[in-house]
A.B. asks: 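Take a look at the following structure, please.
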Number of protein chains: 2
Amino acid sequence: MSSSVETPEEDVSVPGRITIRDVAKAAGVSIATASKALNDRGRMTPETRARIQTAARDLGFTPNAVARALVSQRSFTIGLLTNDTYGRFTLPVAAGLSAALIDRGVSVFLCAFQDDPEAARVNLRAMQDKCVDGLIIAGKRIDRGLPIELPRLSMPVVHVYSLCGDDDIGFMPDDRAGAALAVQHLIGLGRRRIAHVTGPLAFAAVAQRTEGWADALKAHGLAPFGAPLNGTWSEGFGYSVGQAWAALPPSERPDGVFCGNDQIARGVIDALTLAGLNVPRDISVVGFDNWSVFAEATRPPLTTIDMNLQEMGRQAGLVLLDMVEGLPVERGLRRLPCRLVTRQSCGVPPPA
Amino acid sequence: MSSSVETPEEDVSVPGRITIRDVAKAAGVSIATASKALNDRGRMTPETRARIQTAARDLGFTPNAVARALVSQRSFTIGLLTNDTYGRFTLPVAAGLSAALIDRGVSVFLCAFQDDPEAARVNLRAMQDKCVDGLIIAGKRIDRGLPIELPRLSMPVVHVYSLCGDDDIGFMPDDRAGAALAVQHLIGLGRRRIAHVTGPLAFAAVAQRTEGWADALKAHGLAPFGAPLNGTWSEGFGYSVGQAWAALPPSERPDGVFCGNDQIARGVIDALTLAGLNVPRDISVVGFDNWSVFAEATRPPLTTIDMNLQEMGRQAGLVLLDMVEGLPVERGLRRLPCRLVTRQSCGVPPPA
DNA sequence: CTCAACTGAGAAAACCTTTTCCCAAAGGGT
DNA sequence: ACCCTTTGGGAAAAGGTTTTCTCAGTTGAG
């Protein structure tokens with residue numbers, strides 16, 4: 001035993017972190033055996049294993065994730081890269097993701113950046129340097145990618161609510177079916193003159209939701225009430241549409257509206273209400289997003305479509321994990337179903 | 001040269017990551033020298049240093065952050081632990097934090113959990129295992145801590161928008177001064193009968209904002225217009241207050257209102273507007289939070305107080321970094337000034 | 001010319017864990 | 001009794017970087 005290195009008998013002085021060395025010494029075994037015992041690997045008598053595990057527990061040993069990452073080439077960390085600084089889409093996704101992965105010992109690195117490509121590059125680089133095992137790319141619209149090139153990115157990637165090529169793996173809400181759900185609800189309540197007020201044509205989501213609106217009407221033999229009205233995704237736009245309707249004679253107004261998002265829906269309702277009309281008596285309104293801070297605060301509270309973003313995050317996390325572990329994963333886009341959340345902006349829900 | 005280990009002359013086969021070994025070999029120096037050259041440490045001829053740096057650039061070398069963390073005992077990662085899953089407070093803070101730290105090579109681990117202490121424990125443990133250099137504890141109210149014990153936490157901690165003991169280091173907005181700013185603005189516009197509608201008494205922020213309201217009135221020799229009205233932090237509460245006011249004769253109504261948050265302000269404005277009153281002509285309204293999705297969508301757009309949460313995140317990050325680097329840091333709470341954002345809910349701003 | 005001081009650069013330990021051998025002892029069959 | 005197999009456990013390398021020594025060579029002064 002050389003005196004320079006091997007005199008750790010009495011090193012009570014340094015209260016630093018407890019390592020597997022300490023566990024091994026306490027249990028009277030070698031480091032290798034300790035490692036195997038703690039990871040349920042290798043062969044040894046049950047007694048030895050138990051002794052080591054007890055020692056680890058008594059000492060409060062937790063393996064150093066950094067050292068483990070260095071040797072295993074896995075950091076048990078995944079990155080979530082997004083340009084949705086507002087968090088409207090990303091936060092629910094992140095919540096589902098974290099919840100799904102934390103049990104498996106995987107943490108999530110969230111990087112939100114403004115749409116500056118340079119910031120994107122820096123953050124992506126940081127993640128690569130830190131050896132994240134995989135990447136979730138999350139956006140705020142389904143027809144745009146992030147301003148980064150992932151050319152020869154050596155790690156698996158899953159796209160969520162963001163553009164996704166045919167060879168990629170991605171998750172999106174089934175906007176079309178979700179929209180149809182909303183319109184079916186209106187029809188089920190007896191509405192027949194169903195309009196559609198939504199966002200800019202440039203958004204793919206707009207086209208898909210409009211298709212869903214048309215689908216549901218057609219399935220029930222109804223004609224669209226006018227052409228879809230496209231504007232901005234804002235309360236202001238909904239408000240102006242509501243004002244215009246309020247100025248018309250009742251026979252020229254819709255009796256049901258499917259709005260492309262909750263903000264537009266709220267604008268419509270506010271304008272109608274201010275003009276003396278009653279929602280839902282005169283017109284039923286359905287939104288899209290189920291952004292609770294809007295949907296619940298609207299008077300009356302908004303019936304709307306929920307995209308199940310949290311579930312989307314959960315599934316994306318599980319698929320990414322499979323990829324990290326080398327399991328085969330089918331490429332392509334997965335569309336997750338949406339869900340109708342009934343509040344009071346449409347009237348009484350139909351009897352079950 | 002033993003043949004088993006040292007035959008990396010022709011290892012073009014494995015396209016794996018470029019390490020400092022490769023750089024050293026390319027530059028014809030030892031690993032140690034390469035490391036020193038790349039970190040601007042040690043002594044060597046400028047030519048050697050330049051040669052190594054050029055080689056590193058040509059090869060596209062980036063140091064492996066995991067290996068570096070293992071040896072330096074610093075991960076260049078800080079954790080942001082929060083129970084604000086909605087992100088109203090945490091996202092701006094995180095944005096400021098990230099922006100401030102990314103230049104210094106430090107990334108941010110965001111962990112948001114519901115108020116379940118078990119989840120908190122698991123996430124905290126994960127951060128410890130991953131050797132984050134420091135922790136930001138962010139909450140959603142200033143008078144509550146997170147449901148975790150940080151007893152002998154071996155890393156530095158900074159609290160942001162969350163309870164902070166005398167020996168801790170924390171950041172909060174100066175609610176009192178911010179509230180006074182709002183009321184001064186109303187007074188400057190000629191308002192004299194200034195009411196206050198705000199959240200539940202149980203929140204410390206409510207008391208502080210109420211004090212600011214009283215401060216500013218007193219400084220101008222004005223009496224409070226009635227007692228502060230306490231309710232929930234919701235549009236619904238503001239709406240009911242607005243309805244009540246609208247039913248009163250003008251002489252018994254306030255001519256200016258300072259609201260405890262933007263949602264209450266919006267509720268007040270909506271109710272007044274629906275009752276046929278005009279904001280700001282009949283009553284000026286100021287909010288608090290500058291939650292843009294509310295403030296901008298209100299009709300008229302809301303003049304409100306911004307807590308500068310992003311700046312708070314920035315400063316918290318810089319202080320935490322100082323602590324990580326062992327610099328002396330003054331303990332205690334720092335209150336950051338708020339800022340008035342003028343929109344159209346108060347009328348014309350006073351001439352400068 | 002000698003010695004000290006300095007200079008540039010490399011060898012090796014250290015960070016902590018996992019994993020691949022390898023070895024000694026014990027057990028079993030003939 | 002001998003050999004082979006199994007068993008339990010350990011030694012050592014590997015992962016990529018930083019850092020501390022150490023050392024050979026060079027320079028300058030006396």
Side-chain angles (χ1 to χ4, degrees), chain A residues 1-8 11 14 16-25 27-52 56 59 61-76 105 128-131 133, chain B residues 1-8 11 14 16-25 27-52 56 59 61-76 105 128-131 133:
Chain A
M1 181 185 289
S2 86
S3 73
S4 64
V5 176
E6 284 291 355
T7 44
D11 57 353
V14 185
R17 192 176 181 124
I18 290 167
T19 77
I20 200 171
R21 269 187 115 84
D22 305 318
V23 175
K25 196 183 309 174
V29 297
S30 73
I31 295 180
T33 307
S35 173
K36 281 183 287 201
L38 296 174
N39 294 297
D40 274 324
R41 232 177 285 281
R43 285 176 320 196
M44 67 196 68
T45 56
E47 293 76 44
T48 306
R49 199 180 291 278
R51 181 160 40 92
I52 295 170
L59 270 57
F61 167 74
T62 56
N64 181 326
V66 174
R68 185 180 271 188
L70 184 60
V71 63
S72 68
Q73 306 289 49
R74 280 200 52 188
S75 61
F76 289 90
Q128 282 185 283
D129 291 348
K130 301 222 159 109
C131 297
D133 297 332
Chain B
M1 182 186 288
S2 87
S3 72
S4 64
V5 176
E6 283 293 354
T7 45
D11 57 353
V14 184
R17 189 176 184 125
I18 290 167
T19 77
I20 200 172
R21 269 186 115 84
D22 305 318
V23 176
K25 197 182 309 172
V29 296
S30 73
I31 295 181
T33 305
S35 172
K36 282 183 289 200
L38 296 174
N39 293 299
D40 275 324
R41 232 177 285 280
R43 284 178 320 199
M44 67 196 67
T45 57
E47 293 76 42
T48 308
R49 199 180 290 278
R51 182 159 40 92
I52 296 170
L59 268 57
F61 167 74
T62 57
N64 181 326
V66 175
R68 186 180 271 188
L70 183 60
V71 63
S72 67
Q73 306 287 51
R74 281 201 50 188
S75 60
F76 290 89
Q128 283 185 281
D129 290 349
K130 301 220 158 114
C131 297
D133 297 332

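Every value quoted in this text rests on a predicted model; they were computed, and no experiment measured them.
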A.B. asks: Taking five pairs at each end of the helix from C/dC1-D/dG30 to C/dT30-D/dA1, what angle separates the two helix axes (nearest 10°)?
C.D. replies: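 Comparing the axis at each end, I get an angle of 60°.
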
A.B. asks: With a 4.5 Å cut-off on side-chain heavy atoms, are A/Asp40 and A/Arg49 touching?
C.D. replies: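 Yes, at least one pair of side-chain atoms sits under 4.5 Å.
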
A.B. asks: OP1 or OP2 of D/dG9 less than 4.0 angstrom from a side-chain nitrogen or oxygen of A/Thr48, does that happen here?
C.D. replies: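 Answer is yes, contact under 4.0 Å.
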
A.B. asks: What are the residues of residues 32-45 of chain B, sorted by number, that bring a heavy atom to within less than 4.0 Å of DNA chain C?
C.D. replies: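 Those residues whose heavy atoms fall under 4.0 Å from DNA chain C, taken from residues 32-45 of chain B in numerical order, are B/Ala32, B/Thr33, B/Lys36, B/Arg43, B/Met44, B/Thr45.
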
A.B. asks: B/Ala32: which residues meet the side-chain contact (heavy atoms from CB on, under 4.5 Å) condition with it, sequence neighbours left out?
C.D. replies: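 By the side-chain contact (heavy atoms from CB on, under 4.5 Å) rule, B/Ala32 matches B/Ser30.
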
A.B. asks: For the pair made of CZ in A/Arg21 and P in C/dA14, what is the distance, rounded to whole Å?
C.D. replies: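 After rounding, the reported distance stands at 9 Å.
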
A.B. asks: Would you check if B/Phe61 and B/Leu38 make a side-chain contact, meaning some heavy-atom pair closer than 4.5 Å?
C.D. replies: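 They are in side-chain contact.
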
A.B. asks: Return no unless some side-chain N or O of A/Gln73 is found under 4.0 Å from OP1 or OP2 of C/dT18.
C.D. replies: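 It does not, given that no N or O in the side chain of A/Gln73 lies less than 4.0 Å from OP1 or OP2 of C/dT18.
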
A.B. asks: Round to the nearest Å and state the distance from B/Arg74 atom CZ to D/dT18 atom P.
C.D. replies: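 So the CZ-P distance, B/Arg74 to D/dT18, works out to 13 Å.
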
A.B. asks: B/Ala34: which residues meet the side-chain contact (heavy atoms from CB on, under 4.5 Å) condition with it, sequence neighbours left out?
C.D. replies: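 Scan of B/Ala34 (side-chain contact (heavy atoms from CB on, under 4.5 Å), adjacent residues dropped) gives B/Ile20, B/Ala24, B/Val29, B/Ile52.
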
A.B. asks: Check B/Pro63 against B/Arg17 and note the closest heavy-atom contact, atom names and distance.
C.D. replies: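 Closest pair (atom of B/Pro63, atom of B/Arg17, distance): O-NH2, 3.6 Å.
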
A.B. asks: Do the non-hydrogen side-chain atoms of B/Gln128 and A/Thr62 ever get within less than 4.5 Å of each other?
C.D. replies: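 Answer no - side chains too far apart.
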
A.B. asks: Mind checking side-chain hydrogen bond (donor to acceptor under 3.5 Å, both in side chains) for A/Thr48 and listing every partner two or more places apart, or none if nothing turns up?
C.D. replies: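 A/Thr48 satisfies side-chain hydrogen bond (donor to acceptor under 3.5 Å, both in side chains) with A/Thr45 once adjacent residues are dropped.
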
A.B. asks: Under the side-chain hydrogen bond (donor to acceptor under 3.5 Å, both in side chains) rule, collect the residues that match up with B/Asn64, sequence neighbours excluded.
C.D. replies: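 Result, side-chain hydrogen bond (donor to acceptor under 3.5 Å, both in side chains) vs B/Asn64: none returned.
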
A.B. asks: To the nearest angstrom, how far is B/Ile20 atom CD1 from C/dG10 atom C1'?
C.D. replies: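 Those two atoms, CD1 and C1', are 13 Å apart.
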
A.B. asks: Could you state the CD-P distance from A/Glu47 to D/dT7, rounded to the nearest angstrom?
C.D. replies: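 Checked: the CD to P distance equals 15 Å.
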
A.B. asks: Reckon B/Val29 touches a base, only the sugar-phosphate, or nothing at all at heavy-atom distances under 4.0 Å?
C.D. replies: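 It contacts sugar-phosphate atoms only.
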
A.B. asks: Rounded to whole angstrom units, what separation is found between the CD1 atom of A/Ile31 and the P atom of C/dC15?
C.D. replies: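 Rounded to whole Å, this separation is 11 Å.
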
A.B. asks: Measure from CG on A/Asn64 to C1' on C/dC16 and round the result to the nearest Å.
C.D. replies: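 The distance from CG of A/Asn64 to C1' of C/dC16 comes to 6 Å, rounded to the nearest Å.
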
A.B. asks: How close do B/Val66 and A/Lys130 get, heavy atom to heavy atom, and via which atoms?
C.D. replies: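 Of all heavy-atom pairs spanning B/Val66 and A/Lys130, the closest is CG2-O, 3.9 Å.
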
A.B. asks: Between C1' on D/dT18 and CZ on B/Phe76, what's the gap in Å once rounded to a whole number?
C.D. replies: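 Computing the B/Phe76:CZ to D/dT18:C1' distance gives 11 Å.
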
A.B. asks: In whole Å, what is the span from the CG atom of A/Asp129 to the C1' atom of D/dT17?
C.D. replies: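 Interatomic distance, CG of A/Asp129 to C1' of D/dT17: 13 Å.
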
